[in-house]
Asker: 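Sending over a structure as structure tokens; questions will come in a sec.
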Amino acid sequence: MRHKEEQVNRIALVTGASKGLGAAIAARLADTGLAVAVNYHRDRSGAEAVVKQIRKAEGMAEAFQADVTDVDGVKALIEAVSLRMGAPTVLVNNATGPQPFIPIERQEWRDYQAQLDFFLKAPLLLVQRVLPYMKSAGFGRVINIGSEVVELGNAEFSHYVAAKAAMLGITRSWANELGQYGITVNLVAPGWIPVKRHEGTPQSELDAYGAGLPLNRMGKPDEVGDAVAFLASERSGFITGQRIAVNGGKTLS
Ligand SMILES: NC(=O)c1ccc[n+]([C@@H]2O[C@H](COP(=O)([O-])OP(=O)(O)OC[C@H]3O[C@@H](n4cnc5c(N)ncnc54)[C@H](OP(=O)(O)O)[C@@H]3O)[C@@H](O)[C@H]2O)c1
């Protein structure tokens, strides 16, 4: 169902939108009237299903293959989106690779680099390519998908935690630098929101996590999509450099 406040003619690019939170974010953005470029890396059928679902709900979407950690891949991606849909002025940095737990003794520098590729390198490559469009429109929304792990400091996860902390750093710095052009930069920090890759997690584990939250339940991918859709809209125009936790209140104390 399309919402009243439509963002006609605006193009949003969501990285890693073939499944998981990215797919839900893409669908919610399309609900608000944005035309959505659904980026995927390997899962073409997943991305096509997301596009189909959006079109079925009378939204606008197209799928675009690209490795967002690769400089040439990002260049080709932004060129293709601009050509086929128009210049993107909403960018959601969501894509992630594998997130293994590794004890300190077994960590290698490349484990950190692998996470930094997704949460620092890819957002930088992408923002550099879309900035000219945002500046000339006098409007831009950059929404980075972070994580509550920065507050929680999960054990055996410092490579991922450090890269998500770096993502918060660029969010704040870019907000200061780009505000003068009407571009806001914010970070949405989800808690544990089960998606396909969590299939097989024992129900008892899910129940225990949900029961430990102030809101007493697990979150849903659409709830992350709602927060992103608000930050992508005109209505969020005086909010920048902020981290918004979507985690049932887990990090409130
Ligand atoms: N789910 C959670 O509980 C949770 C909690 C906190 C934060 N987050 C954050 O939320 C974001 C989404 O997580 P998720 O759980 O939804 O992940 P997911 O279900 O594993 O999906 C990952 C997405 O990233 C894409 N991707 C992988 N490598 C890529 C590359 N090189 N270039 C472009 N796209 C690539 C995948 O595309 P293909 O499948 O097409 O290859 C897929 O669409 C991540 O930033 C994650 O850190 C998630």
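Start at 1 and go down the list; that is how both ligands and their atoms are numbered.
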Asker: Hey, are Gln107 and Tyr112 close enough side-chain-wise for a donor-acceptor pair under 3.5 Å?
Answerer: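 Yes, side-chain donor-acceptor contact under 3.5 Å.
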Asker: Suppose I only count heavy atoms of Phe119 and a 4.0 Å limit; which atoms of ligand 1 are within that range?
Answerer: 45 (O), 47 (O)
Asker: Roughly how far apart are Asn247 CG and Glu151 CD, rounded to 0.5 Å?
Answerer: 8.5 Å
Asker: Would you kindly specify which portion of Val149 sits under 4.0 Å from ligand 1, judged on non-hydrogen atoms: side chain, backbone, both or neither?
Answerer: neither
Asker: Tell me whether the rings of Phe157 and Tyr160 are parallel (<30°), tilted (30 to 60°) or perpendicular (>60°).
Answerer: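 Taking Tyr160 first and then Phe157, their aromatic rings lie parallel (interplane angle under 30°).
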Asker: Are the side chains of Lys135 and Gln180 in touch, meaning some heavy atoms are under 4.5 Å apart?
Answerer: no
Asker: Less than 4.0 Å is my threshold; does some heavy atom of Gly191 fall inside it relative to ligand 1?
Answerer: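 Contact present.
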Asker: Taking only heavy atoms of Asp43 into account, list the atoms of ligand 1 that are under 4.0 Å away from them.
Answerer: 38 (P), 39 (O), 40 (O), 41 (O)
Asker: Considering the heavy atoms of Ala66, write down every atom of ligand 1 situated less than 4.0 Å from one of them.
Answerer: 32 (N), 33 (C)
Asker: Among Thr96, Ile145, Val224, whose heavy atom sits nearest atom 22 (C) of ligand 1?
Answerer: Thr96
Asker: Can you tell which part of Asn94 has a heavy atom less than 4.0 Å from ligand 1: side chain, backbone, both or neither?
Answerer: both
Asker: Are Val150 and Arg243 side-chain neighbours, meaning at least one heavy-atom pair lies under 4.5 Å?
Answerer: no
Asker: Tell me whether ligand 1 is touched by Ala17 - counting only heavy atoms on the residue side and a distance under 4.0 Å.
Answerer: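 The answer is yes, since Ala17 has a heavy atom less than 4.0 Å from ligand 1.
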Asker: Just going by heavy-atom distances, which of Gln99, Arg197, Arg42 is nearest to atom 15 (O) of ligand 1?
Answerer: Arg197
Asker: Please identify which of these residues, Thr184, Leu124, Ile183, meets the side chain to side chain contact (heavy atoms under 4.5 Å, CB included) condition with Trp174.
Answerer: Leu124
Asker: Side chain, backbone, both or neither: which part of His198 comes within less than 4.0 Å of ligand 1 when only heavy atoms are counted?
Answerer: side chain
Asker: Using the six-membered ring wherever Trp is involved, compare the ring planes of Tyr209 and Trp192 and label them parallel, tilted or perpendicular (cut-offs 30° and 60°).
Answerer: perpendicular
Asker: Determine whether any heavy atom of Lys164 lies closer than 4.0 Å to an atom of ligand 1.
Answerer: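 So Lys164 counts as touching ligand 1.
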Asker: List ligand 1 atoms under 4.0 Å from Asn39, heavy atoms only on the residue side.
Answerer: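 Heavy-atom distances to Asn39 below 4.0 Å select 33 (C), 34 (N).
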Asker: At a 4.0 Å threshold, what atoms of ligand 1 neighbour a non-hydrogen atom of Asp67?
Answerer: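 In order of number, 30 (C), 31 (N), 32 (N).
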Asker: Out of Tyr160, Phe118, Tyr40, indicate the one that has the non-hydrogen atom closest to atom 46 (C) of ligand 1.
Answerer: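 Of the listed residues, Tyr160 has the closest heavy atom.
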Asker: For Lys19, counting its heavy atoms only, list the atoms of ligand 1 lying under 4.0 Å from any of them.
Answerer: 19 (O), 21 (O), 38 (P), 39 (O), 42 (C), 43 (O)
